[in-house]
Amino acid sequence: MGKQSETYFQRAQEVIPGGVNSPVRAFRGVGGTPLFIETAQGSRIFDADNLQYIDCVGSWGPMILGHGHRYVVEAVKKAATKGFSFGAPTFAEVELAEMIIAAVPSIEMVRLVNSGTEATMSALRLARAATGRSKVMKFDGGYHGHVDSLLVKAGSGGATFNVPDSAGVPEELTKLTISVPYNDLKAVRAAIDNEFAAIIVEPVAGNMGCVPPGEGFLEGLRTICDEHGVLLILDEVMTGFRVAYGGAQSRFNIKPDITTLGKIIGGGMPIGAYGASRKLMELVSPLGPMYQAGTLSGNPVAVAAGKATLGVLKNSSIYQDLEERSGEFEAGVLHAADKHGVPITINRVGSMWTMFFNDGPVTDFESANRSNREKFARFFHLMLGEGVYLPPSQLEAAFFSAAHAKKDILQLIERADRSLKKVAWEFER
Ligand code: KE4
């Protein structure tokens, strides 16, 4: 661990809770001192001691093009020189909205906000406004940002720190939220009734680690929602433009009522969005009675980064390349783990993946939680020592970018092989 990160972390902890502005960054899931990052380029990040790492976090998803893509940097520079924020409409917001609508099959109208949390909070309010109902169903280990109503059996940091239900959320709110196991349609059928406004689901779970939808799961949710007049919210903050240009809904051919987006549509700048049919979105102020607003919503610099990012992704071979590279990585690491006798399960959809220290299969929060977190933490630090930056929690998804070239993948496999050999020596004898 570099001295500079240690020094910065000491100072940070004096003035910021846990020394971080988002809990999962604090390395509490793996122990040790978080790296303070100085700069990044392509597939690499450099910490405050100028130590270099192959980045498998990509800012938790947004950096699908890799860091510092020249088109995105140029677009941001150009926008910034024209002005940071006006609090007034700009044409660029119309263009980004049109790009999103053209890409995501179920969206006819979209509102830009500043984070994924704002997107899901607004989507939930829209569902409640549209149905006049209050209850919402989510899934154990699902994470949809720190929305009061959705911090029930939450994934991501909630799961990593074993605090799935946050303090400070009134029971009056959480009693309206029912959480059931992911991939369990029987549990959904048993819990659903006509008092539910929405079911919100990550179409590929990323916040209990990566857990793909089982055969028929998403279709089953669609049917159950239709049977009960419940709106289906696909939370595509992570999967949107990640698992396909049209998101998980295009990859799995599912039509939600409301979609939430974030991360990639801002290319690393603060952004979120929620979209739906014109009929539903006409409920949103100033057209309709559902209020939602934001000083920096549609921020011109963030929108410029998003437009440039989607522009590079559209009609590119990036998704095929990501599939190929990610598949090579998966095969290489599974082979290494088998060779060293370390039981692991890799769940992957496109370039989002998780390596569980677990015999598998990992199909929901309960099975994800059976993973050996001690082994994961040891592997995490061995890989850090090898110059590989993994998500600092067993219950998070990792990501590759278009900048992860063949040589990066080969290096990652070699480094994982060496690390797994040590894990085997320490845990499997
Ligand atoms: P933000 O408010 O963090 O922009 O988005 C919340 C959110 C909503 N929905 C899904 C499916 C998400 O994955 C997220 C945020 N993802 C986490 C990663 N597990 C962000 C990392 C963090 O909390 O620092």
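Counting non-hydrogen atoms of other residues, nucleotides and ligands closer than 6.0 Å to CZ of Arg222 gives a total above 12. Heavy-atom neighbours of Lys186 NZ from other residues, nucleotides or ligands within 6.0 Å: at or below the threshold of 12. Around the CZ atom of Phe46, the shell of radius 6.0 Å holds more than 12 heavy atoms that belong to other residues, nucleotides or ligands. Atom CG of Asn253 sits in a sparse spot, with 12 or fewer heavy atoms from other residues, nucleotides or ligands closer than 6.0 Å. More than 12 heavy atoms of other residues, nucleotides or ligands sit less than 6.0 Å from atom CZ of Phe161. Summarising the local packing, CD of Gln320 is surrounded by more than 12 heavy atoms from other residues, nucleotides or ligands at distances under 6.0 Å. Counting heavy atoms of neighbouring residues, nucleotides and ligands inside a 6.0 Å radius, atom NE2 of His146 does not exceed 12 of them.
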Determine, step by step, whether Val136 and Ile200 satisfy the side-chain contact (heavy atoms from CB on, under 4.5 Å) criterion, reporting the C-alpha distance in whole Å, the side-chain angles of both residues, the deciding distance to 0.1 Å, and the verdict.
CA-CA 7 Å; Val136 61; Ile200 185 166; 4.3 Å; yes
Run the numbers on Glu38 and Asn50 for side-chain contact (heavy atoms from CB on, under 4.5 Å), then give the verdict.
CA-CA 7 Å; Glu38 191 64 34; Asn50 201 29; over 6 Å; no
Test side chain to side chain donor-acceptor pair (under 3.5 Å) on Asn347 and Thr354; report intermediate values, then the result.
CA-CA 5 Å; Asn347 282 353; Thr354 297; over 6 Å; no
Begin with the C-alpha distance, continue with both residues' side-chain angles, and end with the deciding distance and a verdict on side-chain contact (heavy atoms from CB on, under 4.5 Å) for Arg44 and Asp408.
CA-CA 10 Å; Arg44 307 292 162 126; Asp408 293 315; 2.4 Å; yes
Pair Thr174-Glu171, side chain to side chain donor-acceptor pair (under 3.5 Å): steps then yes or no
CA-CA 5 Å; Thr174 54; Glu171 201 270 331; 5.0 Å; no
Please evaluate residues Ser5 and Asp47 with respect to the criterion side chain to side chain donor-acceptor pair (under 3.5 Å), reporting the C-alpha separation (whole Å), side-chain torsions for both, the decisive distance (0.1 Å), and the verdict.
CA-CA 8 Å; Ser5 283; Asp47 71 11; 4.7 Å; no
Please lay out, stage by stage, how Phe427 and Arg378 fare under the test side-chain contact (heavy atoms from CB on, under 4.5 Å).
CA-CA 10 Å; Phe427 290 88; Arg378 180 66 179 129; 3.8 Å; yes
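Scanning both residues, Trp60 and Lys263, for their nearest heavy atoms gives O-NZ, 3.0 Å. In plain terms, the two heavy atoms of Ala97 and Val110 that are nearest each other are CB-CG1, 3.5 Å. Nearest heavy-atom pair across Lys153 and Ser179 is CB-OG, 3.7 Å. Nearest heavy atoms, Pro212 versus Cys210: CD-O, 4.0 Å. What you find for Glu396 and Pro391 is that their closest heavy atoms are CB-CB, 3.9 Å. Of all heavy-atom pairs between Ala40 and His67, the closest is CB-CG, 3.3 Å.
Between Phe9 and Phe27, the ring centre distance reaches or exceeds 6.0 Å.
Here Glu426 contributes atom CD and Lys375 contributes atom NZ; the two are 11.5 Å apart, rounded to the nearest 0.5 Å. Interatomic distance, CD1 of Ile107 versus CG of Leu261, reported as 5.0 Å (0.5 Å rounding). How far CG of Leu296 is from CG of Leu112: 12.5 Å, rounded to the nearest 0.5 Å. Asp235 CG to Ile258 CD1: the interatomic distance, rounded to the nearest 0.5 Å, is 11.5 Å. Of the inter-residue distances, the one linking Tyr182 atom OH with Thr363 atom OG1 reads 10.5 Å to the nearest 0.5 angstrom. Taking OG of Ser59 as the start and CZ of Arg25 as the end, the distance is 7.5 Å to the nearest 0.5 Å.
Here the side chain of Arg251 pairs no donor or acceptor atom with the backbone of Ala244 at under 3.5 angstrom. A donor-acceptor distance shorter than 3.5 angstrom exists from the side chain of Arg429 to the backbone of Trp425, with no hydrogens or angles considered. With hydrogens and angles disregarded, a donor-acceptor distance shorter than 3.5 Å links the side chain of Asn299 to the backbone of Phe84. Without hydrogens or angle criteria, Arg373 side chain to Thr160 main chain gives a donor-acceptor distance under 3.5 Å. Glu328 contributes no side-chain N or O that, together with a main-chain N or O of Lys406, makes up a donor-acceptor pair within less than 3.5 Å. The backbone N or O of Lys3 lies less than 3.5 Å from a partner atom in the side chain of Asp49, making a donor-acceptor pair. Checking side-chain atoms of His404 against main-chain N and O of Ser401 turns up a donor-acceptor pair under 3.5 Å. His381 contributes a side-chain N or O that, together with a main-chain N or O of Val30, makes up a donor-acceptor pair within less than 3.5 Å. Side-chain N or O atoms of Glu386 include none that pairs as donor or acceptor with a backbone N or O of Tyr53 at under 3.5 Å. In terms of modelled atom types and a separation under 3.5 Å, the side chain of His340 and the main chain of Val342 share no donor-acceptor contact.
The aromatic rings of Phe241 and Tyr245 sit perpendicular to each other, their planes meeting at more than 60°, with 30° as the lower class boundary. Using the six-membered ring where Trp is involved, Trp353 and Phe400 have ring planes that are tilted, between 30° and 60° apart.
Using a cut-off of 4.0 Å between Lys/Arg side-chain N and Asp/Glu carboxylate O, Lys421 and Asp417 are scored as not salt-bridged. One finds a salt bridge joining Glu366 and Arg370 here, because a Lys/Arg side-chain nitrogen approaches an Asp/Glu carboxylate oxygen to under 4.0 Å. Under the 4.0 Å criterion applied to side-chain N and carboxylate O atoms, Glu227 and Arg189 are assigned as salt-bridge partners. Between Glu118 and Arg111, no side-chain nitrogen of the basic residue sits less than 4.0 Å from a carboxylate oxygen of the acidic one, so the salt-bridge criterion is not met. At a threshold of 4.0 Å, the pair Glu14-Arg11 does not count as salt-bridged, since none of the basic side-chain nitrogens sits closer than that to a carboxylate oxygen. Salt-bridge check for Arg348 with Glu323: passed, with a basic side-chain N closer than 4.0 Å to an acidic carboxylate O.
A side-chain donor from one of Ser367 and Asp364 sits under 3.5 Å from a side-chain acceptor of the other. Defined by atom type and a distance below 3.5 Å, a donor-acceptor pair is missing between the side-chain atoms of Thr7 and Gln10. Side-chain atoms of Gln249 and Thr259 form a donor-acceptor pair, as typed in the model, at a separation below 3.5 Å. Side-chain polar atoms of Asp359 and Thr345 form no donor-acceptor pair below 3.5 angstrom.
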